[in-house]
Visitor: 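Below you'll find the structure I mean.
Labels below follow one simple rule: chain letters A, B, ... track the order of the sequence lines, proteins then strands, and each chain is numbered from 1. Reckoned from all heavy atoms, side chains included, excluding hydrogens, waters and symmetry mates.
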There are 2 protein chains.
Amino acid sequence: MTETETTIEETYQLDQQVGFLLRLANQRHAAIFQDHAVGDLTRTQFAAIARLAEHGRCSQNQLGRYAAMDIATIKGVVDRLKQKGLVGTEPSQDDKRRSLISLTPKGEALVEDLHRAGREISRATLAPLTPAEQRSLLKLLGKLA
Amino acid sequence: MTETETTIEETYQLDQQVGFLLRLANQRHAAIFQDHAVGDLTRTQFAAIARLAEHGRCSQNQLGRYAAMDIATIKGVVDRLKQKGLVGTEPSQDDKRRSLISLTPKGEALVEDLHRAGREISRATLAPLTPAEQRSLLKLLGKLA
DNA sequence: TCCATAACATTTGCATACTAATGAATTTTG
DNA sequence: CAAAATTCATTAGTATGCAAATGTTATGGA
């Protein structure tokens with residue numbers, strides 16, 4: 001290895017760090033999401049609704065886990081979805097600590113649109129890659145988790 | 001394609017969406033960053049300092065661009081770094097609109113540690129992947145941006 | 001049966017992250 | 001040369017994102 005190669009290898013480059021690249025990818029995804037937003041839902045609200053559609057009624061704590069959100073975060077997301085009339089909450093019958101969350105009819109009505117938009121958002125996000133690269137990226141990201 | 005395959009293909013799965021996977025990867029990176037934090041810097045503060053070390057003194061607007069941050073966001077990050085005594089600001093001589101940001105000696109003193117930690121954080125983040133997969137992931141993420 | 005531990009949700013506090021509006025300063029255009 | 005357009009930074013507002021503390025409830029062990 002020549003001195004030049006050593007120097008290049010040792011120079012810290014933020015642009016090449018996985019964290020920085022993840023951030024850029026995330027920002028681009030956010031922008032694309034904005035272009036295809038259904039209603040005026042945010043990315044996290046979208047994820048919460050998608051999980052409720054998939055799992056049905058569940059506790060707030062469970063929903064947070066399904067949607068990869070901290071318990072304080074999911075509290076806020078559920079509050080805002082309640083304000084939008086898209087989810088409802090009720091106390092659990094067999095565990096007074098629990099709050100059960102479910103989609104309202106209004107929320108249910110959005111699900112198909114959200115799925116359609118979700119597919120389009122993913123398609124647009126991955127557009128710079130070939131199909132093989134797209135599969136590879138999803139696989140590698142999945143392996144990181 | 002059989003009906004089963006069609007059904008699986010058409011069922012919307014949040015787990016397989018690139019946005020969701022990016023979120024998970026980001027969260028994991030955040031947790032690893034926390035384990036290796038230098039001082040009590042956050043990921044965005046780290047990025048800002050790394051960019052200042054790389055580019056030298058620049059305007060706040062420019063620093064935001066270098067670090068992939070919104071102008072309102074970089075304002076807050078610079079404020080907090082000033083509070084920590086790691087950066088200083090001065091008005092530009094030739095453009096009164098501009099504020100020039102640079103590292104203080106205290107900030108400079110951190111840079112080597114930050115680079116070392118940065119490498120370790122990236123290494124740990126990519127650890128689940130083989131070296132070839134790591135290169136592939138970085139390349140694909142770079143292609144998405 | 002009672003106490004310690006754990007679970008669930010809420011609250012507080014701090015740090016982003018971004019849009020939009022605003023004012024000051026600079027640049028461009030007629 | 002003056003007005004229009006653009007740039008830079010600040011501010012306000014909203015939405016996360018997470019750690020830590022807190023109170024209530026449930027569970028497990030002695």
Visitor: Of the listed nucleotides (C:dA9, D:dA9, C:dT26), which one gets closest to any side-chain atom of B:R98?
Guide: D:dA9
Visitor: Given atom CZ of A:R28 and atom P of C:dC18, what is their separation to the nearest angstrom?
Guide: 15 Å
Visitor: Roughly how far, to the nearest 0.5 Å, is the CD atom of A:Q134 from the CG atom of A:L129?
Guide: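 Here the interatomic distance stands at 5.5 Å.
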Visitor: In whole angstroms, how far is the P atom of C:dT16 from the CZ atom of B:F46?
Guide: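 To the nearest whole Å, that distance equals 14 Å.
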Visitor: Say you draw a straight line from OG1 of B:T89 to NZ of B:K82; how long is it, rounded to the nearest 0.5 Å?
Guide: 3.0 Å
Visitor: In Å, rounded to the nearest 0.5 Å, how long is the span from CG of B:N26 to CG of A:L144?
Guide: 11.0 Å
Visitor: Closer than 4.0 Å, any side-chain N/O of A:Q62 to the OP1 or OP2 of C:dC8?
Guide: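 Indeed not, no polar side-chain atom of A:Q62 lies that close.
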Visitor: Rounded to whole Å, please give me the gap between CZ in A:F20 and P in C:dA17.
Guide: 11 Å
Visitor: Could you give the CG-to-C1' distance, from B:N61 to D:dT10, as a whole number of Å?
Guide: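 B:N61 atom CG is separated from D:dT10 atom C1' by 13 Å.
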Visitor: For A:K84 and A:D94, take the nucleotide of DNA chain D holding the closest heavy atom to each; which residue's nucleotide lies nearer the 5' end?
Guide: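 Result of the comparison: A:K84.
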Visitor: Starting at atom NZ of A:K82, determine the distance to atom C1' of C:dA9, rounded to an integer number of angstrom.
Guide: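 These atoms are roughly 12 Å apart.
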Visitor: Respond yes when some side-chain nitrogen or oxygen of B:K75 is under 4.0 Å from OP1 or OP2 of D:dT11, and no when none is.
Guide: yes
Visitor: To the side chain of B:D95, which of D:dA15, C:dA25, D:dA9 is closest?
Guide: C:dA25
Visitor: In whole angstrom, what separates A:L81's CG from D:dA15's P?
Guide: 11 Å
Visitor: Could you measure the distance from the CD atom of B:Q17 to the CZ atom of A:F46? Nearest 0.5 Å is fine.
Guide: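 Reported value, rounded in 0.5 Å steps: 7.0 Å.
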Visitor: Provide a list of protein-nucleic acid N or O atom pairs under 3.5 angstrom, restricted to nucleotides 17-24 of chain D.
Guide:
| from | atom 1 | to | atom 2 | distance (Å) |
| --- | --- | --- | --- | --- |
| D:dG17 | OP2 | B:R23 | NH1 | 3.2 |

Visitor: Out of B:V77, B:T73, B:I49, B:L81, which one pairs with B:T44 under the side-chain contact (heavy atoms from CB on, under 4.5 Å) rule?
Guide: B:V77
Visitor: Out of C:dT26, C:dT16, D:dT11, which nucleotide sits closest to the side chain of B:T42?
Guide: C:dT16
Visitor: Enumerate the ring-ring contact (aromatic ring centres under 6.0 Å, His included) contacts for residues 114-145 of chain B, please, sequence neighbours excluded, ordered by first and then second residue.
Guide: A:Y12-B:H115
Visitor: Quick one: on DNA chain C, does B:Q45 or A:L100 contact a more 5' nucleotide (nearest heavy atom)?
Guide: A:L100
Visitor: Give the rounded distance in Å between these two atoms: CD1 of B:I74 and P of C:dA17.
Guide: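 In whole Å, C:dA17 P lies 10 Å from B:I74 CD1.
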Visitor: Can you tell me the distance, in whole Å, between the CG atom of A:N26 and the P atom of D:dT16?
Guide: 14 Å
Visitor: Looking at side-chain heavy atoms only, is the closest gap between A:L140 and B:L141 below 4.5 Å?
Guide: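 When only atoms from C-beta onward are counted, B:L141 and A:L140 do not touch, as no gap falls below 4.5 Å.
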Visitor: On DNA chain D, nearest-nucleotide positions of B:D79 versus A:R80: which is more 5'?
Guide: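 Its nearest nucleotide being more 5', the pick is B:D79.
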